[in-house]
Novice: 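I am attaching a structure below and will ask some questions about it afterwards.
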Amino acid sequence: MESLNIPATDITPGIRFNASTGVLEIEGNSLPEDVIGFYKDIFQWVQNYIEHPNSTTTINIRLNYFNSSSSKVLLDILSILEGLTDQNVKVEVNWFYLELDDDMLQTGKEFESLVKIPFKFVNYMDNK
Amino acid sequence: MERKNIFWLCVVFFVFFNSSYQRGFSQSSQSISELESICEKNEKEGNWLELSKCQTKIGFLYRDQQNYQKSIEWMRKAIISNEKVGNLNGIKNLYANIGLMYSELNNYDEAIECFQKSLKINEQQNKKSDILSDLINIAQAQQNKHNYQQSNSTLERAVGYAQEMNDKNSLKIIYGMFSENYDKLGKYDKAKEYFELSSSLRSQLQKEEIKKYEEITKKAEAEINLKDKEKQDLSEKLEKVKYEKEINLKLWQQEKELNELKQKEFENKERLQKAKQRTTNIIVALLAVIIVIISIFIAVVFKQLKQIKQVNHQLEESFKQIAAQKEEIEQQRDIANNQKKKITDSIAYAQRIQNAVLPPTYAFDKILPEYFILFKPRDMVSGDFYWVSSKDGVAIVAAADCTGHGVPGAFMSMLGIAFLNDIINKMTFNRHILTLSASEILNQLRELVINSLHQTGQPYETKDGMDIALCIIDFENKQMQFAGAHNPAYVIRKNELIILEGDRMPIGIYKNSTQSFTNHEFKLELNDQIYLFSDGYYDQIGGPHKTKMLSGNFKNFLLQISNRPISEQKILLEENFEKWKGDFEQIDDVLIFGFKFVPQRISTGIESEYLWENVNILIAEDVDINYFLLVEALRPTGAIIHRAHNGVEAVKFCKDNSVDLVLMDIRMPEMDGLEATQEIRKFNKTLPIIAQTAHADVTDLVKINEVGCNDYISKPVNLKTFLSVIKKHLNK
């Protein structure tokens, strides 16, 4: 299965989904005008991935901003990956939030309460 | 040179093997003429064997004189005689000898024929050594004839016999001949290989010869010692042997040198051939490349010549097509522009509707003496909305953020406003305002949203909804209730920020949609400043590193500006936002609603100026959305609304009922507004009739006036103008 790599833009996140290592990374901003259009391929990839998952799957979410429609889509993606826990796949989410960005931490906590995947919260400094 | 050598070696060889038979003739001392008479005698007597012997002798005598023609003649006669007595040995030897002489005479064809006859007999008798001699002689003759291939195949046969008999001498000769043949055939590597075989055999033979001589020498020396008498002879013999040995040694050395020279020659030849080959290869390759290039060139030229015609034709076609396409594109562009204009116009209209539905400023003016609303939709219409209502000294204010922005967000916001109005109306109906609870309003709002969007909580279904912060302010008791869906309320009191957190769940379907929202009760103090907002402000990406502003910075900024007059705060917030945003696009709708709690009893908004309870207003309007908009606009006034769907209904209603004012749409089915007004004027001259029209021009206005309308309003309505126009005519 091929990896999925989509470079980041100002309004869409960078996607690095690697099937062979089981590391799925999303980072940047997510506020595309057509959310479904942007995430369609990503959905497809995730659907394929759960057919042949890696024995450990790590989802690294390092988002600066996402709009409410992206939030829905993210939750849907996590819901699909949640199914892996039934296949004895070790799944975890690393939720990165910028130092001081309590809103992002709160959002992460809310996501954590909505899916059955263990979350780790990682505070990071902006390197820019 | 070499060939001649080998030839004579063959002769010697042959002679050696047939010595016993030949000796009898060659050593004869009789003259030819004597022998001829003996022959005649034997012939007469029919003594064939003797005749043949005699004839053979004559043949050999001639041969010794090198008179080969005569020799052959006599030997052939001897063969005939031998045939009569069946002396096969004699016949084959004669043939072999004749063959040799033919070879000497360069008549190789005859020679081969004779050798083959000899061979045939030898084969019958299975005399291997003789077969071998014959084969070698044949091969030699073939070589002389330049039939190298044939010679080689004969030699192949000879090799077998020589090896079988371990006849090294013959092998040496055969290899030598192979080498010659291959040399002539240009196969220098093979020639070299056989030459080496031949040379090694030769040196081996010579070594053996030398050894043999050495042995003889030893023997002789021993004999010298043993037999003194014979010493003289033997010492001579010794001298002779020594001499021969020396000659052989010299010969051997010469051979060796010769071999080396020969070998060098072969190597040179080989090198030359390889070089030639290489040169040939390069030339062939070059030629091939040149031919390919020329072919391609010709092909290209031909193709282009062909194409130029085609292209010219195609160009004409293309020009035609391009012209057609250009026209089509221009048409499409016009269509697109038209559509864009239509859509933009449509959204502009929607914007006016949304503005009309959002609470007018006077509604706030009456309720909140000091407030500001920073409202910056990302697009023309907004997914954020603010809302206000009041009753009996209590104000209800809310700031909400619907899923999405733009048109979809605006749809949600319209729903939200309508639902909030509905909820408050129902709650306050027959109940005291003080029973209102902020959390209960949100609970009901959530239920209405879920039901109206038919949300059931299935995965992948729409999770649209809204976040909201809602406050109920009781001015008399200085009490505030707050409930929030995701959104908080900030209260700034004496440079200190108090945060009332909202619940972390939305208005909309959620995993726990039955859980009630939390109702916060908060004791207000004078000059408390309360802020409700959506996340659009502090989520804006910008600044030096294109990051979010973050709520922390927003809080700090609010604290910084909190002691400035409330109207100034709006300007400062807006400046701050623009500065942060810079060139980055606005990512979401922005709404901040701020107000100060000041000691002023609040009146219930609209009532004093636009309170028209028990006033009957007829709205003649066929389009539902326009009708509901007007109803919504008139709702706070308490007026009693009636509806007519067309002119006929309007006229009938005015005839049958008491009506205080008519809002008459001009364009309606069955009977339009102008005609209906004329009809009404026939029986009621004083009833205020206000025309409502979109895109009214002067002629329309003249007509409206002519038929008896009192006034007109433009659609979409501006709420404030709309109410003031109605007020003007009601008061008359």
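The figures that follow rest on heavy atoms only: side chains count, while hydrogens, waters and symmetry mates do not. Keep in mind the model is a prediction, meaning the values are calculated, not measured. Here is how names work: the chains are called A, B, and so on, in the same order as the sequence lines, proteins then strands, and each is numbered from 1.
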Novice: With only heavy atoms counted, which part of A/D10 is less than 4.5 Å from chain B, the side chain, the backbone, both or neither?
Specialist: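 Answer is both: backbone and side chain atoms of A/D10 are under 4.5 Å from chain B.
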Novice: Tell me which donor-acceptor pairs under 3.5 Å the side chains of residues 35-46 of chain A have, and how far apart each pair is, sequence neighbours excluded?
Specialist:
| residue | atom | partner | partner atom | Å |
| --- | --- | --- | --- | --- |
| A/Y39 | OH | A/S30 | OG | 2.8 |
| A/W45 | NE1 | A/E2 | O | 2.8 |

Novice: Using a distance-only test with no angle check, is there a side-chain donor-acceptor pair under 3.5 angstrom linking A/S79 and A/D76?
Specialist: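 No donor-acceptor contact under 3.5 Å links the two side chains.
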Novice: Where on B/I541 is there a heavy atom nearer than 4.5 Å to chain A: the side chain, the backbone, both, or neither?
Specialist: side chain
Novice: Between A/N64 and chain B, with a heavy-atom cut-off of 4.5 Å, which part of the residue counts as in contact: side chain, backbone, both or neither?
Specialist: both
Novice: Measure distances from A/L100 to the heavy atoms of chain B and classify the residue's part below 4.5 Å as side chain, backbone, both or neither.
Specialist: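 Both the backbone and the side chain of A/L100 come within 4.5 Å of chain B.
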Novice: Which one, A/D103, A/I11, A/D102, A/V73, leads in non-hydrogen pairs under 4.5 Å with chain B?
Specialist: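 The answer is A/D103.
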Novice: Non-hydrogen atoms of chain B under 4.5 Å away: do they reach the side chain of A/S71, the backbone, both or neither?
Specialist: neither
Novice: Taking atom CD of B/Q351 as the centre, report whether more than 12 heavy atoms of other residues, nucleotides or ligands fall under 6.0 Å from it.
Specialist: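 More than 12 heavy atoms, drawn from other residues, nucleotides or ligands, come within 6.0 Å of this atom.
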Novice: Do other residues, nucleotides or ligands put more than 12 heavy atoms under 6.0 Å from the CG atom of A/N88?
Specialist: no
Novice: With no hydrogens and no angle check, do the side chains of B/Y537 and B/N576 hold a donor and an acceptor under 3.5 Å apart?
Specialist: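 A pair is found: one side chain offers a donor N or O, the other an acceptor, under 3.5 Å apart.
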